[in-house]
Structure formats: C-alpha cells, structure tokens
Amino acid sequence: MYAWFGYRLPFEQRIALISQAGFATTSFWFGDDEELFAGGMADRMTLLARQAGLSVDNIHVPFAECNAFWSDSEDSRLAVVKQYEVALTFCRNNDIPWVVVHVAKGPTPPPPTQSGLRAIGDLARRAEE
C-alpha cells in the first residue's frame with residue numbers, strides 16, 4: 001500500500017493505518033510533498049514503517065522535470081540525474097529494493113537523445129551496484 005494515499009495525514013498516522021489495515025508492504029513518495037522527506041528526515045520514514053511491521057518495497061521519485069533527461073542543456077539533465085542518484089543512494093542505505101522513476105511525461109515527450117540514453121545507462125549501472 002502506497003504511503004502517500006491521498007489524504008494529508010502525518011506520515012506516522014498513514015503508516016499505522018496501512019499496518020492496521022493488514023498490509024505487509026508499503027512504498028514512499030520521495031519528494032517535498034512528503035513532510036519527513038522535505039524536513040531532511042527521509043530515513044525516519046523507513047524506520048517508522050519497519051517499526052509498524054511493514055517492509056518497504058520501493059520509493060517513487062518526483063517526475064515533474066523528467067523530460068529534462070532529453071535536454072540539450074547539461075545542467076537541466078544533470079539536475080534530474082542528481083535527484084535520481086539521491087534516490088538510489090537512499091534505497092541502498094535503507095535496504096529498499098526498487099526506485100520508481102520516469103524518463104518522460106506528457107502526451108508529446110521530447111525525443112530520446114544520446115546524452116539522455118547515456119545518463120539512463122549510468123543510472124542503471126549504479127542501481128545494479
């Protein structure tokens with residue numbers, strides 16, 4: 001059960017409700033809408049979930065700027081890559097097996113570029129590590 005399930009409740013309360021409903025696994029939104037993430041306390045999210053008896057299946061990274069993967073601007077592309085690298089490090093440090101990312105959005109996403117494909121390849125190799 002996704003911990004960001006649409007109601008503005010404190011994270012601790014949402015996790016308790018998920019556990020009480022009988023779910024065994026949860027996943028997190030890894031963006032500023034999640035108060036613990038925004039407050040620099042993302043590791044606490046994992047701790048609270050596990051204390052409630054839940055495993056953490058994945059985190060979902062914001063994707064508002066994901067089309068920048070295909071940008072000619074290295075700065076724009078690297079900003080997205082950096083956000084995804086932070087997510088991969090968080091997963092490694094918190095023993096979370098998956099991170100959900102988007103590489104394009106919208107009805108007419110930009111066409112793939114070689115630099116974007118290289119960035120995705122680099123992220124995939126890092127994820128394998």
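Bear in mind that the values here come from a model prediction, so they are computed numbers and not experimental data.
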Could you check whether any side-chain heavy atom of [X] comes within less than 4.5 Å of a side-chain heavy atom of [Y], counting everything from C-beta outward?
{"X": "Val80", "Y": "Asn67", "answer": "no"}
{"X": "Asp95", "Y": "Arg50", "answer": "yes"}
{"X": "Asn94", "Y": "Asp43", "answer": "yes"}

Can you confirm if the aromatic rings of Phe69 and Phe63 lie within a centre distance of less than 6.0 Å?
no

Taking [Y]'s backbone N and O only, do any of them form a donor-acceptor pair with [X]'s side chain (distance below 3.5 Å, no angle check)?
{"X": "Trp70", "Y": "Val103", "answer": "yes"}
{"X": "Asp32", "Y": "Phe37", "answer": "no"}
{"X": "Tyr84", "Y": "Ile120", "answer": "no"}
{"X": "Arg77", "Y": "Ala68", "answer": "no"}

Taking atom [atom1] of [X] as the centre, report whether more than 12 heavy atoms of other residues, nucleotides or ligands fall under 6.0 Å from it.
{"X": "Glu35", "atom1": "CD", "result": "yes"}
{"X": "Glu85", "atom1": "CD", "result": "yes"}
{"X": "Arg44", "atom1": "CZ", "result": "no"}

Could you list the residues that satisfy salt bridge (charged side-chain N to carboxylate O under 4.0 Å, His left out) with Arg125, not counting sequence neighbours?
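For Arg125, the residues satisfying salt bridge (charged side-chain N to carboxylate O under 4.0 Å, His left out) (neighbours in sequence not counted) are Asp122.
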
N/O donor to acceptor pairs below 3.5 angstrom from side-chain atoms of residues 18-31, sequence neighbours left out:
| from | atom 1 | to | atom 2 | distance (Å) |
| --- | --- | --- | --- | --- |
| Ser19 | OG | Ala52 | O | 2.7 |
| Thr25 | OG1 | Ser55 | OG | 3.1 |
| Thr26 | OG1 | Met1 | O | 2.7 |

If the threshold is 4.0 Å, N to carboxylate O, is there a salt bridge linking Arg14 and Glu34?
yes

Rounded to the nearest 0.5 Å, how far apart are CZ of Arg126 and OG1 of Thr89?
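One gets 3.5 Å once the value is rounded to the nearest 0.5 Å.
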
